[in-house]
There are 2 protein chains.
Amino acid sequence: MKDTDDKLTSRNIKPTAMRELVLDILTEQTAAISLSDLEQKFHKSDKVTLYRTLKTFEENKLIHSIDDGTGAVKYALCKESCQCHPEDLHVHFFCIKCQHTFCLSDIPIPSINLPVNFSIENINMVVKGVCSNCNE
Amino acid sequence: MKDTDDKLTSRNIKPTAMRELVLDILTEQTAAISLSDLEQKFHKSDKVTLYRTLKTFEENKLIHSIDDGTGAVKYALCKESCQCHPEDLHVHFFCIKCQHTFCLSDIPIPSINLPVNFSIENINMVVKGVCSNCNE
DNA sequence: AAGTTTATGCAACTGAGTTGCAAACTATTC
DNA sequence: GAATAGTTTGCAACTCAGTTGCATAAACTT
Ligand SMILES: [Mn+2]
Ligand SMILES: [Mn+2]
Ligand SMILES: [Zn+2]
Ligand SMILES: [Zn+2]
């Protein structure tokens with residue numbers, strides 16, 4: 001668990017057994033997962049502990065949260081270099097067939113021209129459609 | 001209430017007293033409103049009736065819903081010409097100061113190049129920041 | 001080891017959204 | 001215009017994601 005521990009400590013998160021487990025699960029995922037998805041990966045687990053673990057991870061920018069419009073917030077690992085700044089923002093994709101939510105980490109959110117006197121802090125962009133796996 | 005009635009009937013919604021009231025309230029708004037916002041505009045009201053009224057309006061494309069990430073879906077009137085097709089989609093703006101959600105009806109959602117074999121059905125784009133009213 | 005801080009587990013709650021069902025209302029048929 | 005059928009409304013009760021309070025357990029500090 002040395003690598004997992006390093007990832008945690010490098011984000012100033014104390015490496016507990018629980019947190020190692022959660023980070024390992026998050027690392028395995030190819031799609032973003034919700035709190036209840038995560039809960040079901042454990043045989044016995046406490047939702048609140050997982051909830052607070054995700055909160056801690058997010059506050060320390062180990063993961064970012066995605067509101068994909070399904071009603072449950074999804075979480076995915078940040079890249080090593082990510083500081084969750086505007087320049088780290090990317091488009092997310094929700095597949096209406098497999099119901100999976102993906103980070104399109106290579107697709108930055110296009111800039112838009114707001115009306116005068118509007119200032120930007122953050123942008124959420126979620127594309128809904130069918131993913132490459134589900135397109136035949 | 002002739003004008004209100006016409007708007008309802010032109011979208012194939014039977015004009016009841018309740019629906020006229022709700023449409024009038026929606027018409028007055030400069031920002032999108034949530035179900036509970038709407039509920040509070042009545043002295044005595046039933047949340048479920050308002051809920052179903054909004055559902056009916058949305059199904060018939062009189063209004064569209066906006067998931068602005070605040071946890072409560074907002075609703076705003078569609079333009080007369082709107083058919084809620086991809087070409088009618090526009091950017092939405094959430095002001096972190098006044099907490100209001102606005103339709104930027106004139107700003108279409110920029111197109112993006114998805115990875116191969118991904119197909120688009122729909123896009124949700126919400127910009128968070130400070131609106132012109134709140135920027136002094 | 002004793003004391004302090006931090007993490008975990010359980011219970012209980014909030015708030016948005018939703019369903020079932022009966023009463024009220026509206027439209028249609030005779 | 002009354003009888004009937006279909007639609008809308010109001011109330012109660014529920015689901016589900018997220019959240020808080022508090023007591024116990026574990027981890028650091030001296
Ligand atoms: Mn992402
Ligand atoms: Mn809009
Ligand atoms: Zn898919
Ligand atoms: Zn504002």
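Side-chain atoms are counted along with the backbone in the values below, which use heavy atoms only and exclude waters and symmetry mates. Letters go in sequence order (proteins before strands), and every chain restarts at 1.
At D:dT19, one or more side-chain N or O atoms of A:Y51 fall inside 4.0 Å of OP1 or OP2 (strictly under the cut-off). Phosphate contact (OP1/OP2 of C:dC10, side-chain N/O of A:K44, threshold under 4.0 Å): present.
Whole-Å rounding puts the A:E39 CD to C:dT8 P distance at 15 Å. When the P atom of D:dT20 is taken as reference, atom CG of A:D46 falls 15 Å away, rounded to whole Å. In this structure, the NZ atom of A:K55 is 15 Å from the P atom of C:dA7, given to the nearest Å. A:L54 has its CG atom 14 Å from the C1' atom of C:dT8, to the nearest Å. Rounded to whole Å, atom C1' of C:dA7 lies 14 Å from atom CG of A:L21. The CG-C1' distance, from B:L38 to C:dG17, rounds to 14 Å in whole Å. Regarding B:N12, its CG atom lies at a distance of 15 Å from the P atom of C:dA27, rounded to whole Å. The distance between atom CD of B:E20 and atom P of D:dT8, rounded to the nearest whole Å, is 14 Å.
Contacts of B:K14 with the nucleic acid, taken as non-hydrogen atoms under 4.0 Å apart, involve only primed sugar atoms and P, OP1 or OP2. Across all strands shown, B:R19 has heavy atoms under 4.0 Å from sugar-phosphate atoms exclusively, and none from any base. Among the heavy atoms of the strands lying under 4.0 Å from A:T49 is at least one base atom, whether or not backbone atoms are also near.
You'll find that the side chain of B:T16 is closest to D:dT8, out of D:dT8, C:dT18, C:dG17. Closest to the side chain of A:V48, from the set D:dT20, C:dT8, C:dA16, is D:dT20.
Following chains of ILVMFWY side-chain contacts shorter than 4.5 Å, one can reach A:V91 starting from B:V127, so the two form part of one hydrophobic cluster.
For the pair B:M18 and B:K47, nearest-nucleotide mapping onto DNA chain D gives the more 5' position to B:M18. Between A:A17 and B:S34, the one whose closest nucleotide on DNA chain C sits nearer the 5' end is A:A17.
The one candidate from A:T27, A:T9, A:D24 that meets the side-chain hydrogen bond (donor to acceptor under 3.5 Å, both in side chains) condition with A:T4 is A:D24.
Distance check, rounded to the nearest 0.5 Å: NZ of B:K41 to CD1 of B:I25 gives 7.5 Å.
In terms of polar N and O atoms assigned as donor or acceptor, the side chain of B:R52 never comes within less than 3.5 Å of the base of C:dG17 in a complementary pairing.
Taking every heavy atom of both residues into account, A:K61 and A:C84 meet most closely at CG-SG, 3.8 Å.
Remark: the backbone N or O of B:H85 is paired with a side-chain donor or acceptor of B:D88 at under 3.5 angstrom.
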